[in-house]
Amino acid sequence: MIVLASASPARLALLRNAGLDPKVIVSGVDEDAFSAHTPAALALTLARAKARTVAEGLDQGLVIGCDSILELDGRAYGKPESAEDAAERWKLMRGRTGRLVTGHCVIDVAAGREAAETGTTVIRFGMPSDEEIAAYAATGEPLGLAGAFSIEGRGGWFVDGIEGDHGNVLGISLPLLRSLFDELGHSVTSYWQPR
């Protein structure tokens, strides 16, 4: 059994498209209660907290916890709190390059083992006008998304390019996840569902 400790529709869709059929159990972890010395360390800390919280209530399965954070000038940016916050964030990001860091943690509940690592993808933001930024923020899409953008949605119009794993920007890196499964002695192909 695979369990996704996340409410993210993008993570769930990515895993389903890649052959898994995870059960979703949202951790309910208060992300604001955690801090770390770098954005990458914070993403990993939150991924571990989410996976561990969900794993505590289970006696078997592989639990996947993830958390994404945008790093800009060494500072961590999570989800914007309002449309105004999202618009201000976009004014700061436009024309610049940031790093989307996603912490991944997999726990083998029955074995009591975990493997964790971060994936990083470089994001080159475009130059949307103030009007475009206001229109995007008003859609509500940036709310609830690390970095206030989604490359597979309307935010994709304003991202000029990425360097690295596309899935990592969506919230879960399949190659990284496969290596964590391997580290725990599990082959991802054994969890593939029939089409």
Side-chain angles (χ1 to χ4, degrees), residues 1-16 20 22-90 92-93 98-109 112-121 123 136-137 139-153 155 167-173 176-177 180 184:
M1 173 176 69
I2 303 288
V3 176
L4 178 61
S6 172
S8 165
R11 286 187 184 113
L12 180 59
L14 191 57
L15 289 175
R16 283 186 173 155
L20 302 183
K23 177 179 182 179
V24 173
I25 303 176
V26 179
S27 69
V29 164
D30 177 9
E31 296 179 15
D32 295 331
F34 294 84
S35 63
H37 60 285
T38 66
L42 180 58
L44 197 56
T45 296
L46 288 167
R48 281 186 167 125
K50 292 173 180 181
R52 288 172 180 171
T53 298
V54 170
E56 285 173 3
L58 302 173
D59 55 10
Q60 63 174 328
L62 294 180
V63 178
I64 302 167
C66 296
D67 192 79
S68 298
I69 291 174
L70 178 71
E71 179 183 343
L72 195 64
D73 298 329
R75 183 172 168 198
Y77 291 92
K79 301 171 182 126
E81 296 179 11
S82 65
E84 294 76 21
D85 187 24
E88 287 306 310
R89 180 95 49 91
W90 263 96
L92 179 68
M93 296 182 321
R99 294 166 19 108
L100 199 290
V101 182
T102 300
H104 298 67
C105 179
V106 179
I107 298 177
D108 182 335
V109 177
R113 297 179 59 222
E114 80 175 46
E117 188 57 68
T118 57
T120 301
T121 304
I123 313 290
Y136 181 50
T139 68
E141 181 181 277
L143 305 177
L145 296 170
F149 75 98
S150 166
I151 61 170
E152 78 277 17
N168 191 65
V169 183
L170 300 178
I172 196 160
S173 167
L176 177 53
L177 190 61
L180 297 178
L184 295 172

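- Across all their heavy atoms, Ser6 and Val24 have their closest contact at O-CG1, 3.2 Å.
- In this structure, Leu15 CG and Ile2 CD1 are separated by 8.5 Å, a value rounded to the nearest 0.5 Å.
- Here the shortest heavy-atom pairing between Cys66 and His104 reads SG-CD2, 3.9 Å.
- In terms of the side chain to side chain contact (heavy atoms under 4.5 Å, CB included) criterion, residue partners of Asp30 (sequence neighbours excluded) are, by chain and number, Asp32, Ala33.
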Side-chain donor/acceptor pairs under 3.5 Å, residues 38-55, sequence neighbours excluded:
from, atom 1, to, atom 2, distance (Å)
Thr38, OG1, Ala41, N, 3.0
Thr45, OG1, Ala41, O, 2.8
Arg48, NE, Glu114, OE2, 3.1
Lys50, NZ, Glu31, OE2, 2.9
Lys50, NZ, Asp67, OD1, 2.6
Arg52, NE, Glu114, OE1, 2.9
Arg52, NH2, Glu114, OE1, 3.4
Arg52, NH2, Glu114, OE2, 2.9
Thr53, OG1, Ala49, O, 2.7

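- Here the side chains of Leu58 and Ile25 are in contact, with some heavy-atom distance below 4.5 Å.
- For the salt bridge (charged side-chain N to carboxylate O under 4.0 Å, His left out) test, no residue two or more places apart in sequence or in another chain qualifies with Arg113.
- Between Met1 and Lys23, the closest heavy-atom pair is SD-CD, 4.4 Å.
- Taking Ser150 as the reference, Glu152 meet the side chain to side chain donor-acceptor pair (under 3.5 Å) condition, with sequence neighbours excluded.
- Listed here is the closest heavy atom pair of Gly65 and Ala5: CA-CB, 4.3 Å.
- For the side chain to side chain donor-acceptor pair (under 3.5 Å) test, residues two or more places apart in sequence or in another chain that qualify with Ser82 are Glu84.
- Contact detail for Asp108 and Leu184: the closest heavy-atom pair is N-CD1, 4.1 Å.
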Please set out all donor-acceptor pairs under 3.5 angstrom arising from side-chain atoms of residues 68-77, sequence neighbours excluded.
from, atom 1, to, atom 2, distance (Å)
Ser68, OG, Arg11, NH2, 3.3
Ser68, OG, Thr102, OG1, 2.7
Glu71, OE1, Arg99, NE, 3.4
Glu71, OE1, Arg99, NH2, 3.4
Asp73, OD1, Arg96, NH2, 2.6
Asp73, OD2, Arg96, NH1, 3.3
Asp73, OD2, Arg96, NH2, 2.5
Arg75, NH1, Tyr77, OH, 3.4

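- Minimum heavy-atom separation, Phe149 to Trp90: CB-CZ2, 3.5 Å.
- Rounding to the nearest 0.5 angstrom, the gap separating the CG atom in Asn168 from the OG1 atom in Thr121 is 4.0 Å.
- Leu177 CG to Leu20 CG: the interatomic distance, rounded to the nearest 0.5 Å, is 7.5 Å.
- Atoms CG and CD1, on Leu180 and Ile107 in that order, are 11.5 Å from each other to the nearest 0.5 Å.
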